[in-house]
Number of protein chains: 4
Amino acid sequence: MRGETIEQIFHSAVEVFAHSGFERAKIDDVARHAGVAKGTIYYHFKGKEELFVALMRDGMEKMTEQIHRQMGREPDPLRRLRALLQAQVEYLYEHGTFAKLLLSESWGSVERQQEFRAKIRELVELIEEVLIQGAEEGSFRPQMSHHDTAVAMFGAISVSVLQDLFSPERTGTREERVAGLVANLEKLFVDGVVVSKGKT
Amino acid sequence: MRGETIEQIFHSAVEVFAHSGFERAKIDDVARHAGVAKGTIYYHFKGKEELFVALMRDGMEKMTEQIHRQMGREPDPLRRLRALLQAQVEYLYEHGTFAKLLLSESWGSVERQQEFRAKIRELVELIEEVLIQGAEEGSFRPQMSHHDTAVAMFGAISVSVLQDLFSPERTGTREERVAGLVANLEKLFVDGVVVSKGKT
Amino acid sequence: MRGETIEQIFHSAVEVFAHSGFERAKIDDVARHAGVAKGTIYYHFKGKEELFVALMRDGMEKMTEQIHRQMGREPDPLRRLRALLQAQVEYLYEHGTFAKLLLSESWGSVERQQEFRAKIRELVELIEEVLIQGAEEGSFRPQMSHHDTAVAMFGAISVSVLQDLFSPERTGTREERVAGLVANLEKLFVDGVVVSKGKT
Amino acid sequence: MRGETIEQIFHSAVEVFAHSGFERAKIDDVARHAGVAKGTIYYHFKGKEELFVALMRDGMEKMTEQIHRQMGREPDPLRRLRALLQAQVEYLYEHGTFAKLLLSESWGSVERQQEFRAKIRELVELIEEVLIQGAEEGSFRPQMSHHDTAVAMFGAISVSVLQDLFSPERTGTREERVAGLVANLEKLFVDGVVVSKGKT
DNA sequence: AATGAATGAGTTTTCATTCAT
DNA sequence: GATGAATGAAAACTCATTCAT
């Protein structure tokens with residue numbers, strides 16, 4: 001298992017990186033925050049970049065893992081979509097710092113950014129699979145491009161969470177906020193905004 | 001009208017900031033790219049921050065303006081939504097560099113970032129109005145929170161555009177790509193993913 | 001012509017590098033010594049390495065140049081050899097700091113060291129030419145390898161100078177010391193150590 | 001006898017120090033190269049400096065020893081000179097790494113460097129003795145300064161060896177190379193470059 | 001208006017050395 | 001005897017900003 005110190009550094013690094021973004025973040029701060037000497041960080045990580053990438057990798061892994069766990073083996077596509085939605089929103093809301101980094105540090109040509117986008121693609125594919133499964137099964141409308149739709153849904157989810165996290169005027173407990181966001185997204189994704197004549 | 005030199009600097013700054021992000025971007029690079037001396041930039045702008053903010057303000061302004069122009073006075077909510085969608089996607093796709101900055105430089109507590117989020121909120125409100133109007137008029141389903149739904153839609157739009165712009169394997173002309181994205185988003189927003197018995 | 005500041009930095013850099021060797025030398029010291037800010041050095045030179053290489057290049061150039069000048073157009077090989085000897089010893093003695101760097105920083109596989117060796121080869125070739133010329137003309141004994149002999153002579157010259165410079169107990173004016181070294185080297189190179197029967 | 005581990009460290013240290021020079025060499029590299037932990041080196045040696053000095057002392061000792069052995073008790077000055085030459089070239093060529101360190105780490109005011117110069121002086125004195133003996137015996141020309149001549153010869157020897165070792169284009173077996181260098185140096189030292197009428 | 005040399009505070013990174021196990 | 005994680009002082013290097021011309 002990963003050592004105590006590394007865990008410590010990791011934890012502090014998330015805080016600091018999220019608070020300041022990759023460039024603004026100072027290794028000095030990570031060290032101070034973690035209660036270790038600066039050299040210790042360089043003993044465990046090659047440099048700022050490596051630490052950050054390790055961090056994000058870890059975050060994405062945990063996220064994917066938790067989502068998988070929460071979705072379980074639900075066979076019904078609609079319920080599966082709901083579970084996925086709930087899981088993603090919950091995770092991102094819980095790890096707002098990570099969510100912020102994901103959305104702000106993924107667009108560019110630096111190698112690390114390409115890796116992040118690849119990770120995002122994994123998340124998108126999770127959604128995509130649910131969409132495809134639903135379409136095959138007949139309960140979901142076949143999409144022009146399941147992938148593009150999945151991307152749009154991921155965008156909706158992540159930006160919703162971030163916007164909410166950065167809204168100073170938001171009220172209610174975290175659970176309530178999450179529930180609200182999930183319900184809203186579900187409504188949008190499932191039924192769209194237009195009143196369908198066939199439904200009440 | 002703004003002088004030749006300032007225009008030059010502005011133009012180069014967009015390029016450089018978009019390529020590297022605010023922190024990574026170097027004034028030196030902007031100067032070289034613009035073909036002026038570094039001092040010249042400081043003669044016209046107070047500093048890096050001011051240059052960047054001026055830039056973003058300009059971009060947001062043009063965006064809002066163009067969107068307003070494109071939407072015209074279309075009274076039908078559904079058509080109005082379509083027009084809005086088309087306009088936003090088109091603008092962001094066209095100004096990918098700006099889209100990238102918008103999504104990556106808006107999350108944080110630095111003052112400038114709060115200003116960017118405020119601008120995003122303006123865009124979101126544009127969507128919100130359409131939703132509200134549609135709901136009042138009866139063609140749109142009343143949302144739990146029109147604002148949250150609008151945010152979600154904005155997220156879907158912007159992330160879709162960015163993901164597409166950074167996809168190396170994308171094919172087709174820009175017009176085709178934009179049309180595809182718009183069609184897909186429209187489908188999702190209007191009808192959702194679930195097959196409704198009442199519709200064909 | 002090269003700017004005042006650069007000249008200043010150059011001058012200080014020779015001092016500092018020679019005193020401490022490449023690795024031990026601190027850019028901070030060069031800056032302080034030159035009376036400029038650290039940043040100024042980095043404004044003019046890419047880094048420590050570039051400064052050092054520029055320095056050595058400059059030193060070698062001046063050395064070659066001065067030697068050429070001093071040797072003039074003397075056609076007689078023996079006199080030419082003497083002139084060369086005198087010029088090399090004089091220059092190295094005068095620029096002991098440079099001599100030290102040349103001998104201590106030229107052996108290794110770092111690129112810069114290869115360049116230094118190439119420069120040394122130029123000096124060696126100067127000697128070689130004299131030897132070949134003398135051999136063709138008949139006054140010098142044909143050597144097994146003029147190049148190897150030239151290398152040996154260069155080694156003798158440079159180490160003699162360094163050893164003398166670092167001898168705490170040396171006496172006499174610089175001119176006397178140089179004259180002594182030159183005379184001694186000349187004796188060795190010209191006649192060898194063995195008593196030849198054909199000479200008194 | 002010295003323990004296995006110490007021997008290992010010693011051996012690796014020679015490699016690493018020779019490859020990078022004293023300053024550039026990292027204890028980490030020595031440890032990795034030796035297959036021991038960094039702490040182990042500090043268990044056996046007080047520090048980097050001590051390790052290096054111990055190393056050089058060892059090298060110088062072995063060198064002096066081997067040279068003495070090879071020279072034997074040859075009474076004839078000329079043959080004695082030849083033997084000395086052969087022994088020095090051979091040792092330095094064989095221990096090129098050591099030769100490099102000797103020439104590059106001996107010029108400076110750090111204590112260790114003074115010690116190295118003292119050791120060099122020992123080598124020089126070996127040569128000096130031969131010269132003096134030859135002069136007293138009558139077969140060598142009396143020198144202005146036997147010491148200076150000896151220094152020059154040492155310089156010629158060591159630089160010749162180094163230049164050869166670092167020549168990428170050198171050909172032939174090591175024995176051949178050594179033999180060539182020795183022959184050439186002998187020719188130079190014994191007869192000089194000038195054709196003397198009294199010899200064939 | 002424009003320039004570009006100079007600055008120095010701020011960061012990242014390195015590495016010999018220590019020490020608890 | 002041996003280990004290797006942890007340290008922190010010491011350097012190298014960056015870059016937004018200033019200012020004399």
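Just the heavy atoms: all of them, side chains too, but no hydrogens, waters or symmetry mates, feed the values below. Letters A, B, ... are given to chains in the order of the sequence lines, protein chains preceding strands, and every chain is numbered from 1.
The CD atom of D/Gln8 sits 16 Å away from the P atom of F/dG1 (whole-angstrom rounding). Atom CD1 of D/Ile27 and atom C1' of F/dT3 are 15 Å apart (whole Å). As a whole-Å value, the separation of C/Phe52 CZ from F/dA12 P is 14 Å.
Near DNA chain F, defined here as any heavy-atom distance below 4.0 Å, the residues from residues 30-37 of chain D are D/Val36, D/Ala37, listed numerically. If you check residues 41-50 of chain D against DNA chain E, the residues with a heavy atom closer than 4.0 Å are D/Tyr42, D/Gly47, D/Lys48, listed by number.
Applying the salt bridge (Lys or Arg N to Asp or Glu O under 4.0 Å) test to B/Glu94 and every residue at least two apart in sequence or in another chain returns B/Arg174. For D/His95, the ring-ring contact (aromatic ring centres under 6.0 Å, His included) test picks out D/Tyr91, with sequence neighbours left out. For A/Ser106, the side chain to side chain contact (heavy atoms under 4.5 Å, CB included) partners two or more places apart in sequence, or in a different chain, are A/Leu102, A/Phe116, A/Arg117, A/Ile120. Not counting sequence neighbours, C/Glu15 has no partner by the salt bridge (Lys or Arg N to Asp or Glu O under 4.0 Å) test. Every residue meeting the side chain to side chain contact (heavy atoms under 4.5 Å, CB included) condition with A/Ala13, not counting sequence neighbours, appears here in chain and number order: A/Phe17, A/Val30, A/Leu51, A/Leu55. Qualifying salt bridge (Lys or Arg N to Asp or Glu O under 4.0 Å) partners for A/Glu61, counting only residues two or more places apart in sequence or in other chains: none. Checked against salt bridge (Lys or Arg N to Asp or Glu O under 4.0 Å), C/Glu115 has the following partners two or more places apart in sequence or in another chain: C/Arg57.
No side-chain heavy atom of B/Leu101 sits under 4.5 Å from any side-chain heavy atom of B/Thr97. By the 4.5 Å heavy-atom criterion applied to side chains, C/Lys26 and C/Val16 are not counted as neighbours. Side-chain contact between B/Lys100 and B/Leu162 is present, with at least one heavy-atom pair separated by less than 4.5 Å. C/Gln113 places none of its side-chain heavy atoms less than 4.5 Å from the side chain of D/Phe166. At a threshold of 4.5 Å between non-hydrogen side-chain atoms, the residues B/Phe52 and B/Phe45 do not count as touching.
If D/Phe22 and A/Asp28 are placed on DNA chain E by their nearest nucleotide, the residue sitting closer to the 5' end is A/Asp28. Remark on DNA chain F: of its neighbouring residues D/Thr5 and C/Gly39, the 5'-side contact belongs to D/Thr5, judged by nearest-heavy-atom nucleotide.
Counting non-hydrogen atoms under 4.0 angstrom, A/Lys26 reaches the backbone sugars and phosphates but no base.
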Intra- and inter-strand pairing of DNA chain E, written as dot-bracket with Watson-Crick and G-U pairs under 3.5 Å and | for the latter, reads .||||||||||||||||||||
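Pairs engaging residues 40-49 of chain D under the side-chain hydrogen bond (donor to acceptor under 3.5 Å, both in side chains) rule: D/Glu49-D/Arg112 [sequence neighbours left out].
Mapping heavy-atom proximity under 4.0 Å, the span of DNA chain E touched by chain B runs 5' to 3' from E/dA1 to E/dA6.
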